[in-house]
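Following: one structure in structure tokens, then a few remarks.
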There are 2 protein chains.
Amino acid sequence: MHYQLKPPVKKWSKTIASPCAACVVREKVFCTVLSDPELQEMAQFTVNVSMPAKQTILNEGDTSALLYNVTDGVLKIFKQLPDGRQQITGFLYPGDFLGIAKSKHYAYSAESITDVRLCRFKNAELENMFKKIPKLETWMLDTASNELIQSQDQLLLLGRKTAVERLCSFLLSISTRASLLGAKANNIHLPMGRESIADYLGLTTETISRTFSKLKKSNVIKSTGKGNIEIANMQAIRNLAIGS
Amino acid sequence: MHYQLKPPVKKWSKTIASPCAACVVREKVFCTVLSDPELQEMAQFTVNVSMPAKQTILNEGDTSALLYNVTDGVLKIFKQLPDGRQQITGFLYPGDFLGIAKSKHYAYSAESITDVRLCRFKNAELENMFKKIPKLETWMLDTASNELIQSQDQLLLLGRKTAVERLCSFLLSISTRASLLGAKANNIHLPMGRESIADYLGLTTETISRTFSKLKKSNVIKSTGKGNIEIANMQAIRNLAIGS
DNA sequence: CGAATGATTGACGAATATCAAGCTGCGTGG
DNA sequence: CCACGCAGCTTGATATTCGTCAATCATTCG
């Protein structure tokens, strides 16, 4: 299989003792609370891993010995029923944490959507760092709280929203996320296919496709090339997302 | 309005410095990690509150100045859409924590289902305790991690399960919870009405009712008085819950 | 260029929602 | 103590949304 990773955004010079010091997502992951010496200690435990698209990264139920920070690319985390029905519970982007802290087994499976780069470390070593550096745990609790809040928005979406409301909510959340990273809120990129969107929103690919068509026909969004969408009417999509 | 709370399970004697020392849910809430002096300090910050059924306890979006531990009764936490559609994101029982740590605003509304008793304290004071007692934060992170895991099960349920699968999953989770507290796994009590179950499972009261009837007719469950259900065939309900 | 994979569209069907009518049980008040 | 009324539950008839099945189209990649 042929695949190509983007080159690292930054090179780290010889004068810097640890690769972590030059990490492109450093300020987005828990490393942001670490001092230089702490970071150096952490660096001993971490391994950088690259994977092509569509690879299984971890399996629900397996012992959660290894945890990751996503440093490049996009992946999905999901749960499955015995007959194959799949629910994607999240898309992870650079800076996101993979594998739930404080759990003996993975609560979900994970698979790369694009080529990805990960920063891997042992669960046990993270636990040790927790003991030494309370700030780490504080950061982790902040992160977990935010995930809980987002998770509840998703429960509302899956339990009570229509197909149009779901898709508009999804596009908005992508837009919001992108604009937090400094991108334009109106032009969004969807690295995942229709099936992944469907499995995230509790719908089918056909319904996603039809709903996209509907939104295009009513001039709320426009296609701007493969996987790229322009939100033409931001207020309309905000209203459509909450059914008002 | 007339209502009646059960009497407190324990009285605390004069020789015990703090009411927390005799708290009936002490070993289920974060107080379990506190030493006696720490507990005494905590006790200064807490107020016991009683509320009748069907009272609003907190509103989504409000500043989260006050947090609670549930000490008696059952309540629901939920989110709403502008047109009134409601998604219940959880039922809280004695020992559960109400209000998300590390958030400026409540992420959900809360309303009592039965008469309830709560242990109330200021968010700011909990934050102070976090700083003094790192174990508290560890406990809270453990709890948040568990909630995240349960939340993902619920995403799978809402996104991908049928009505029968949803109701059986719900009954099973109640059963599991009850048996952890020492009750029989086969006899479960549902303090909430059909509408609450519907709003929790992303269905309507009518569908809940019909699905209950179906399960009764097929001898998977039996009614044993108002709000009481006997699981007659545990294995059947386990299979029905995951569609296999 | 052709095969494969993913996206779109159409026709139809199934699951669940909606609307409507009773039913049940319980608290209240005579 | 019984009858009434109300709220919640159940059941039936019908409507709607979304899923399923199938065909076509588009895009990529060898």
Side-chain angles (χ1 to χ4, degrees), chain A residues 1-4 52-54 76 81 83-87 113-115 157-168 170 190-218 221-229 240 243, chain B residues 1-4 52-54 76 81 83-87 113-115 157-168 170 190-218 221-229 240 243:
Chain A
M1 186 186 217
H2 175 78
Y3 60 92
Q4 185 74 45
K54 297 179 197 188
K76 66 176 183 179
L81 289 168
D83 65 3
R85 280 173 287 172
Q86 180 171 116
Q87 180 63 39
I113 286 178
T114 64
D115 299 346
L157 181 149
L158 291 175
R160 289 302 182 212
K161 289 189 180 180
T162 65
V164 172
E165 289 162 359
R166 291 180 201 204
L167 188 54
C168 288
F170 173 66
L190 304 175
M192 71 293 290
R194 295 291 184 262
E195 190 174 1
S196 286
I197 298 176
D199 284 344
Y200 183 62
L201 298 179
L203 300 166
T204 58
T205 55
E206 293 93 334
T207 299
I208 298 296
S209 205
R210 278 187 252 271
T211 308
F212 264 123
S213 300
K214 207 180 293 181
L215 292 176
K216 281 171 195 163
K217 194 148 46 180
S218 55
I221 62 171
K222 284 176 190 159
S223 257
T224 56
K226 182 181 165 45
N228 292 97
I229 303 273
L240 286 171
Chain B
M1 186 186 219
H2 175 77
Y3 60 92
Q4 185 74 44
K54 298 179 196 189
K76 64 175 185 180
L81 288 168
D83 64 4
R85 278 173 288 172
Q86 179 172 117
Q87 179 63 39
I113 285 178
T114 64
D115 300 345
L157 181 150
L158 292 175
R160 289 301 183 213
K161 289 189 180 180
T162 65
V164 171
E165 289 162 0
R166 291 181 201 204
L167 187 54
C168 289
F170 173 67
L190 304 175
M192 70 294 289
R194 295 288 184 263
E195 190 174 1
S196 286
I197 299 175
D199 284 344
Y200 182 62
L201 298 180
L203 300 166
T204 60
T205 56
E206 292 94 332
T207 299
I208 298 295
S209 204
R210 278 186 251 271
T211 308
F212 264 123
S213 300
K214 206 180 294 181
L215 292 175
K216 282 172 194 162
K217 193 149 44 179
S218 55
I221 62 172
K222 284 175 191 159
S223 257
T224 56
K226 182 181 163 48
N228 291 98
I229 302 274
L240 285 172

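Atoms considered below: every heavy atom in the structure, side chains included; atoms not considered: hydrogens, waters and symmetry mates. Each chain gets a letter, A, B and so on, in the order its sequence line appears, and its residues count up from 1.
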Rounded to whole Å, CG of A/D199 lies from C1' of D/dG19 at a distance of 13 Å
side-chain N/O B/K217 vs D/dT10 OP1/OP2, d < 4.0 Å: no
Given the rule in the salt bridge (Lys or Arg N to Asp or Glu O under 4.0 Å) test, do A/D199 and B/R160 qualify, once you have shown the distances and angles that lead to the verdict? CA-CA 9 Å; A/D199 284 344; B/R160 289 301 183 213; 2.8 Å; yes
Rounded to whole Å, CG of A/D83 lies from P of D/dG19 at a distance of 15 Å
Between CD of A/E195 and P of C/dG6 the distance, given in whole Å, is 8 Å
Sorted by chain and residue number, the ring-ring contact (aromatic ring centres under 6.0 Å, His included) partners of A/F212 (sequence neighbours excluded) come out as none
The helix from C/dC1-D/dG30 to C/dG30-D/dC1: angle between terminal helix axes, five bp per end, to the nearest 10 degrees, reads 30°
Here the pair of heavy atoms bringing A/E165 nearest to A/L240 is CG-O, 3.0 Å
Given protein heavy atoms under 4.0 Å, the one-letter contact record of nucleotides 9-19 of chain C, with B base, S sugar-phosphate only and - none, is simply BBB----SSBB
Practice prompt. Test side-chain contact (heavy atoms from CB on, under 4.5 Å) on A/I197 and A/R166 and set out the steps.
Written response: CA-CA 10 Å; A/I197 298 176; A/R166 291 180 201 204; over 6 Å; no
So, does B/K216 get its side chain near the phosphate of D/dT10, meaning an N or O under 4.0 Å from OP1 or OP2? yes
request  = Check whether any side-chain nitrogen or oxygen of B/K54 sits under 4.0 Å from OP1 or OP2 of D/dA7, and answer yes or no.
outcome  = no
From CD of A/E165 across to C1' of D/dC18 the rounded distance in Å is 14 Å
Are the side chains of A/C168 and A/L215 in contact, using a 4.5 Å heavy-atom criterion? yes
Heavy-atom nearest pair, B/F170 first then B/M192, reads CZ-SD, 4.0 Å
Tightest non-hydrogen contact, residues B/S196 and B/K76, listed as OG-CD, 4.3 Å
Taking every heavy atom of A/T114 against every heavy atom of A/P191, the minimum-distance pair comes out as CG2-CB, 4.0 Å
Between CG of A/L201 and C1' of D/dT17 the distance, given in whole Å, is 16 Å
In short, B/Q87 meets A/G159 closest at the heavy-atom pair OE1-CA, 3.3 Å
